[in-house]
2 protein chains.
Amino acid sequence: MESVPQKLPRLYQQVAEKLVTLIESGEYTIGMRLPAERDLAAMFKVSRPTIREAVIALELESYVEVRMGSGVYVIEHSKGKSRFSDKDVGPFELTEARALFEGEAAALAATMITEAELEELAETLDEMACENNVDTETHEAADKKFHMIIARATNNSAISSVIEELWDERESSELTHRMYEKVRNSGVKPSVEEHREVYEALKARDPQAARELMRAHLMRVIDSILEATEVEAVEAARHQVTKNRERFSKTRTIS
Amino acid sequence: MESVPQKLPRLYQQVAEKLVTLIESGEYTIGMRLPAERDLAAMFKVSRPTIREAVIALELESYVEVRMGSGVYVIEHSKGKSRFSDKDVGPFELTEARALFEGEAAALAATMITEAELEELAETLDEMACENNVDTETHEAADKKFHMIIARATNNSAISSVIEELWDERESSELTHRMYEKVRNSGVKPSVEEHREVYEALKARDPQAARELMRAHLMRVIDSILEATEVEAVEAARHQVTKNRERFSKTRTIS
DNA sequence: GTCTCAAAACTGGACAGGCCAATTATAATA
DNA sequence: TATTATAATTGGCCTGTCCAGTTTTGAGAC
């Protein structure tokens, strides 16, 4: 038989993967207790030591928490790889950082971007404009693609890594994710227009314009978040919003 | 006995920690094979399954690699937490990213820095100037402290996290670390002067000046790295250096 | 009927010993 | 000397067992 996989992973890894799949598919939800090790062993047709090894693997990747004498419980998976996981970076801070960093990245990209990359950007813009009213997921994918093309156009993997990290971060924070969702729903079309302006600046190879437009774009996102916040915020939170307005107006003026 | 620790960690974790200690202490160096699982079990007075669990833990943290039928081998430990670990970010890219991002951070910090933070900066400057000719470790600590005070003065944890990440990254890359070492040895005094200029700009609350001076400081670091590279580079590498010069001259002119 | 608390059932923690398969070292052979 | 077959080593995995916390249960007290 040549269909036999020549190298199969270690057993505990296979089991661990299956367990992760079950957890991420919602079979076992957060807080829920997994079946006993003995039962899991029977389910997967493996021995208990193997189950233990798989559980340890999940534990080290903080998928589960094992409580002596009680069981192993699914916990919130903080992906670990996020540097902000323990810092609770809010949507404002995150977007402000993006405004500064991506602004600089756009300026640098303007001096180095290739024709091929410009072409890619144009295509992505069409995706965004065309699939405007389709599902948000597609739009978001195109959005990320646009920003990442620019980041990579800097030819600096440190820069693109940081920008991708900041982008991904918004997914891992529940609050931030909700905020961005609200912003997306409030008005996407102006966003497409803003992206196009950035594209034009890059095409013209104008660093200053690219920086300013990218920064302006993300600053508008902050504004949108502020508005969304105001809508849903209770009266008690309002003075904080005002403080934020003051605070981010400073960012805007330091250029 | 009341000296009994109320909660001792799981056995495999204790074993894993001991193994990590042994590895980091140089008892087992990179490429070396660890004793057989059976021997380790005897050494630590635990059962073999426990050893296996500990080895799996080390494996998941990429301390070791286990080769079926051969043994478990110590590999280079890439701390995993670095987002760049798999991307091989060179010293030039890293420093360019720092120049852009820390420049912006300095500009933002100039608008928000407190008197207390300025005072801290002044103290750190004294440390750097005073312990100039002492061990490099102290100097480097003061250097990082200086940059991180500014990063934190932005009052934006996303920004300070990114900057700290970039700083730490230079430790994890052997090449980058060597480069920075060379730069440190070549001339520290001008570096102190450059830091002082940044400090003055922050004290004057001048965003533009703070950005320019911080950027200039890090650009000079790139120059130093280039020089260090030239000294040790073989002839074949020289054209790459020239390309780098061209490339980073662009960064300098986009402001 | 309700509450208390101890016993039993359940669950993870750890161990012993064994067999198999892949690898490596060794010795026998061409 | 080079090659190949054999033996020793090593990780992979299993069965079975006992122990120590945790949870549930149920009997007895009120």
Side-chain angles (χ1 to χ4, degrees), chain A residues 1-2 4-20 22-23 27-75, chain B residues 1-20 22-23 28-75:
Chain A
M1 288 292 272
E2 51 210 54
V4 173
Q6 50 278 59
K7 264 192 178 181
L8 67 163
R10 291 215 263 160
L11 236 197
Y12 88 87
Q13 290 175 341
Q14 303 178 41
V15 174
E17 273 179 38
K18 286 178 186 170
L19 284 175
V20 167
L22 286 176
I23 290 174
E27 186 73 20
Y28 302 118
T29 60
I30 294 179
M32 192 179 290
R33 207 202 70 192
L34 259 52
E37 291 182 351
R38 292 163 176 85
D39 298 338
L40 286 174
M43 284 171 54
F44 290 107
K45 310 277 184 56
V46 298
S47 71
R48 194 152 84 96
T50 300
I51 293 292
R52 297 195 97 251
E53 292 173 356
V55 168
I56 285 174
L58 293 206
E59 187 184 22
L60 289 176
E61 285 167 19
S62 57
Y63 273 103
V64 299
E65 168 194 23
V66 350
R67 291 205 272 271
M68 161 79 153
S70 174
V72 347
Y73 295 81
V74 180
I75 61 178
Chain B
M1 288 292 271
E2 52 209 56
S3 67
V4 173
Q6 49 277 57
K7 264 194 179 183
L8 67 161
R10 289 215 262 162
L11 235 197
Y12 89 86
Q13 290 176 341
Q14 303 178 40
V15 174
E17 274 180 37
K18 286 178 186 170
L19 284 175
V20 168
L22 286 176
I23 289 173
Y28 301 119
T29 60
I30 293 178
M32 190 178 293
R33 210 202 67 194
L34 261 51
E37 292 182 349
R38 292 163 176 84
D39 298 338
L40 286 174
M43 284 171 54
F44 290 108
K45 308 277 182 60
V46 297
S47 69
R48 207 175 137 220
T50 302
I51 293 292
R52 296 196 99 250
E53 292 173 356
V55 168
I56 286 174
L58 293 206
E59 188 184 21
L60 290 175
E61 285 167 20
S62 58
Y63 272 103
V64 299
E65 169 195 22
V66 350
R67 291 207 271 271
M68 162 85 150
S70 174
V72 344
Y73 295 81
V74 181
I75 60 178

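Throughout, protein chains are lettered first and strands after them, A, B, ... in sequence-line order, and every chain is numbered starting at 1. These figures come from a predicted structure and were not determined experimentally. Heavy atoms only: backbone and side chains are in, while hydrogens, waters and symmetry mates are out.
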Legend entry - Candidate nucleotides dG12(C), dG11(D), dC15(C), ranked by approach to the side chain of Ala36(B) - the nearest: dG11(D)

Legend entry - Minimum-distance nucleotide (side-chain atoms of Ser47(B) versus dT10(D), dC13(D), dA16(C)): dA16(C)

Inset, instruction - Indicate, with a heavy-atom threshold strictly under 4.0 Å, whether Val55(B) touches base, sugar-phosphate, or nothing. - result: nothing

Inset, instruction - Determine the contact category for Val72(A): base if any of its heavy atoms lies under 4.0 Å from a base atom, sugar-phosphate if only primed atoms, P, OP1 or OP2 are that close, otherwise nothing. - result: sugar-phosphate

In whole angstrom, give the distance that lies between atom [atom1] of [X] and atom [atom2] of [N].
{"X": "Leu40(A)", "N": "dC14(D)", "atom1": "CG", "atom2": "P", "result": "14 Å"}
{"X": "Arg10(A)", "N": "dA22(C)", "atom1": "CZ", "atom2": "C1'", "result": "13 Å"}
{"X": "Glu37(B)", "N": "dA14(C)", "atom1": "CD", "atom2": "C1'", "result": "16 Å"}
{"X": "Arg52(A)", "N": "dC14(D)", "atom1": "CZ", "atom2": "P", "result": "14 Å"}
{"X": "Gln14(A)", "N": "dG12(D)", "atom1": "CD", "atom2": "P", "result": "13 Å"}

Legend entry - Residue closer to the 5' end of DNA chain D, Ser70(A) versus Gly69(B) (nearest nucleotide): Gly69(B)

Legend entry - Residue met sooner reading DNA chain D from 5', once Thr50(A) and Met68(A) are mapped to nucleotides: Thr50(A)

Legend entry - side chain to side chain contact (heavy atoms under 4.5 Å, CB included) involving Val46(B) - partner list, sequence neighbours excluded: Leu11(B), Val15(B), Phe44(B), Thr50(B), Ile51(B)

Inset, instruction - Please list, chain by chain and in numerical order, all residues satisfying side chain to side chain contact (heavy atoms under 4.5 Å, CB included) with Tyr73(A), sequence neighbours excluded. - result: Arg33(A), Arg67(A), Ser70(A)

Inset, instruction - Could you tell me whether the phosphate oxygens of dG12(C), OP1 or OP2, come under 4.0 Å of any side-chain nitrogen or oxygen in Arg67(A)? - result: no

Legend entry - From Glu53(A) atom CD to Ile56(B) atom CD1, the distance as rounded to the nearest 0.5 Å: 3.5 Å

Legend entry - Straight-line distance of Leu34(A) CG to Ile23(A) CD1, nearest 0.5 Å: 5.5 Å

Inset, instruction - Answer yes or no: side-chain N or O of Arg38(A) and base N or O of dG12(C) forming a donor-acceptor pair under 3.5 Å. - result: yes

Inset, instruction - Would you kindly check whether a donor in the side chain of Arg48(B) faces an acceptor in the base of dG18(C), or vice versa, at under 3.5 angstrom? - result: yes

